Protein chains: 2
Amino acid sequence: MSKKISLKDIAEAVGVSTALVSYVLNDKDEQTRVNKDTAKRIREMAKEMNYQPNQIAKSLKSGKSQAIGLLVADISNPFFGNLARAIEDEAKKHGYSVLFGSSDENLENSQRLIDTFINRQIDGFIIAPAEGTASQLEYLKKANIPFVLIDRYFKGLETSYVVIDNFNATYQATQLLLNQGHTKVAYVCYKNQLQHTEDRYSGYLQALLDHGNAEDSNLICEVEFNNAAYFREQFIELLQPDRGVDAILFSTNTLSIMGLKIINELNITVPDDLAVFCFDESEAYDLFYCPISYVKQPLSMIGKEAVKILLEQLRGKASSEQKVMLDVEIVARKSCQK
Amino acid sequence: MSKKISLKDIAEAVGVSTALVSYVLNDKDEQTRVNKDTAKRIREMAKEMNYQPNQIAKSLKSGKSQAIGLLVADISNPFFGNLARAIEDEAKKHGYSVLFGSSDENLENSQRLIDTFINRQIDGFIIAPAEGTASQLEYLKKANIPFVLIDRYFKGLETSYVVIDNFNATYQATQLLLNQGHTKVAYVCYKNQLQHTEDRYSGYLQALLDHGNAEDSNLICEVEFNNAAYFREQFIELLQPDRGVDAILFSTNTLSIMGLKIINELNITVPDDLAVFCFDESEAYDLFYCPISYVKQPLSMIGKEAVKILLEQLRGKASSEQKVMLDVEIVARKSCQK
DNA sequence: TTGAAAGCGCTAACAG
DNA sequence: CTGTTAGCGCTTTCAA
């Protein structure tokens, strides 16, 4: 690599000390009242030699890296891809770089990435935590490493987070289906311990109860993550005529897609035979013959807020945790009609 | 932040010099014949104090950061999301971290990200280059910064790259449509100067010619990137009955999705009214009422190869450029039938 | 078998 | 107004 230009090189070229160059190039020459002419010469030389500061050295010195670690649960999921884009965008605006990693919903991956990022002295984290990583977050708290959770949070854990109002999201969607006259509204969800999973279920359930319906385990299809075969089996079971299901609410984008696919295979007509309400956006929804209703998350807002909060913490402004709960948009289209 | 443990801390605790600790913890104690017992005590203390090496300091010293910069054209496109996942996975295996950025097909973004990454002393790049960034790559070459292109490459530029055989991809797809008996096979593509765009068109054209058809501009729908309105207009125009189009080949995933959406709106029946062949995979394809035919790129292979080549370059093994062209898989399903 | 010391590029006291 | 210097945490000669 063609030798990189360092402060020293330009100091020698101009005939001043490195300290002076550092001052000028960091625009501290006003306070320090550096000779205007010297300053100019330094700046010109820096430009001429195409000087690029070595961030690594800066970081070592300052203990700050001007980088944040973004840990998502699965980068190949477009939901997180879009979120990542929003975050990278916003971070860039503030002069921060983004180191990223995908835990793939796996505990060990998550821990390893956290360690790697810490070793690289990232200034803070934005994390969409995988199940069971509460203790990892506890560790971050103890170590006083700033972080903001997105998409998911843990009830027992005092942290900053930016999430959507999950309860309200499913509540509204369910209510909408019920108000359309559907009587047996089924619910499809993952089986896990994540708070947002529970919140979404609670929203669904409360809407049922408020509408005078009873909780009915026959209407629930709860499946493991990453087990397509099991999902297929359970979901087809749910759709058996004897169950009498006339509407379905999916609680995630992946479940929505898998479900719609099977609905297609079984030649079930939406919304005549079955009404459906999906979660999250997907380009896939647009290809379904019937316009899909869905719960729309404010993705770029989530990203923006998360970065904002993290930066505030980094700057020491925010003394305590900030919890942000954003509203979703309910996009009701033909698929949920009676 | 609770004081981080440094080499010095553990050196003091054990009562030896930092040099020794460094040796042991880098497993250089065999060659240097460090006292086995001292080595053991050092290792134990390191574990006890939960020592985490400061990568930043290591980097400053070595000039290497053990990080690679991944620059994709658009992280919110699932194609790149999946690619990113494959790359991050592979890099992690080899002890490298991934810094990532999305140029969003924009020249300035691309340049800024490259600069940022260089300042952070990333060891090398993996880049899905945006249009018109050839000069930026030239610069990297001149600066002797290793990089590998993915997905796209520039004909006039000698670089390492991992791409698919684009010509062959569209050639096969087109041939398949023609062999099914379709006579007017239209082609939908972006209007840009990227090599893979040209290669794909050439493949399509050659298949037409080889089949005894003539080039026909009435069959081409060439649209600008990021201009949905224009696409809609042009695409609907293409589908006018008087054009007689009986089959369509889409040359990217985004075009495929947008196109299928409009086909749905217009109530055109696939494949009876119109056969379609798409590019790339998408969960969206599965929701279309008719099983979609598509060109499948070997994503994780692309990621793996790119990392492999870059690491070889970093280790100084590969003296010259490596060009890898991978075969695609043609997934022919109902949508392309006559 | 071990330690002292230099130095990676930069910043910030402190001195002149 | 400008320069000297120490030191961030680590590796690596060189000397003991």
Side-chain angles (χ1 to χ4, degrees), chain A residues 1-43 45-46 49-67 118-123, chain B residues 1-43 45-46 49-67 118-123:
Chain A
M1 199 181 302
S2 55
K3 204 70 185 333
K4 274 214 68 166
I5 304 298
S6 77
L7 270 193
K8 203 164 135 203
D9 296 322
I10 106 150
E12 277 168 6
V14 180
V16 294
S17 73
T18 59
L20 214 41
V21 180
S22 172
Y23 278 130
V24 173
L25 264 25
N26 286 299
D27 294 324
K28 295 206 174 117
D29 48 339
E30 293 308 327
Q31 317 155 34
T32 335
R33 285 166 303 158
V34 176
N35 183 303
K36 278 224 164 180
D37 190 55
T38 332
K40 194 167 151 240
R41 272 166 50 226
I42 290 174
R43 270 189 247 274
M45 184 56 79
M49 299 176 91
N50 188 27
Y51 169 71
Q52 301 279 22
N54 182 328
Q55 287 295 340
I56 295 269
K58 279 194 183 185
S59 297
L60 179 59
K61 183 71 188 167
S62 66
K64 300 282 160 223
S65 61
Q66 291 285 112
I118 291 179
N119 292 352
R120 287 182 183 284
Q121 316 297 121
I122 53 104
D123 296 336
Chain B
M1 199 181 304
S2 57
K3 205 65 190 325
K4 273 214 70 167
I5 303 298
S6 75
L7 268 193
K8 202 163 136 205
D9 296 322
I10 104 152
E12 275 168 8
V14 180
V16 294
S17 73
T18 59
L20 213 41
V21 179
S22 172
Y23 278 132
V24 173
L25 264 25
N26 286 301
D27 294 323
K28 297 209 172 115
D29 49 338
E30 293 308 328
Q31 320 152 37
T32 335
R33 287 165 303 161
V34 176
N35 182 304
K36 278 222 165 180
D37 190 55
T38 334
K40 193 165 151 244
R41 274 166 50 227
I42 290 175
R43 268 189 249 274
M45 185 56 78
M49 300 176 90
N50 188 26
Y51 169 70
Q52 300 279 20
N54 182 327
Q55 286 295 341
I56 295 269
K58 279 195 180 183
S59 297
L60 179 59
K61 183 70 188 166
S62 67
K64 300 282 159 225
S65 62
Q66 291 285 114
I118 291 179
N119 291 352
R120 289 182 182 284
Q121 317 297 122
I122 54 105
D123 296 338

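What you are looking at is a predicted structure, and each value in this text was computed from that prediction instead of being measured. So that the names make sense, note that chain A is the first sequence line, chain B the second, and so on, each numbered from 1.
Dashed line: the shortest gap from a side-chain N or O of A/Y51 to OP1 or OP2 of C/dG9 is not under 4.0 Å. Proximity of A/S17 to the phosphate of D/dT2: no side-chain N or O atom is located under 4.0 Å from OP1 or OP2. For the OP1/OP2 pair of D/dT13 and a distance below 4.0 Å, the side-chain nitrogens and oxygens of B/Y23 include no atom meeting the criterion. Between D/dT11 and B/K28, no contact under 4.0 Å exists linking OP1 or OP2 to a side-chain N or O. Listed pair A/N26 / C/dT11 meets the phosphate criterion, a side-chain N or O lying under 4.0 Å from OP1 or OP2.
Side-chain atoms of A/K61 stay outside donor-acceptor range of the base of C/dG9, with no qualifying N/O pair under 3.5 Å.
The residue B/K36 sits apart from the nucleic acid: no heavy atom pair falls under 4.0 Å. Contact annotation for B/S59: no contact, since no heavy-atom pair falls under 4.0 Å across all strands.
Note: CG (A/L20) to C1' (C/dA15) measures 15 Å, nearest angstrom. With rounding to whole Å, B/L60 atom CG is found 9 Å from C/dG7 atom C1'. Summarising the geometry, the separation between NZ on A/K4 and P on C/dG9 is reported as 10 Å, rounded to the nearest angstrom. Here the C1' atom of nucleotide C/dG9 and the CG atom of A/L25 are 13 Å apart, to the nearest Å.
Each of C/dT1, D/dC10, C/dA5 was ranked by its minimum atom distance to the side chain of B/A19; first place goes to C/dA5.
Across the interface with DNA chain C, nearest-nucleotide mapping of B/T18 and A/P53 shows B/T18 to be the residue nearer the 5′ end.
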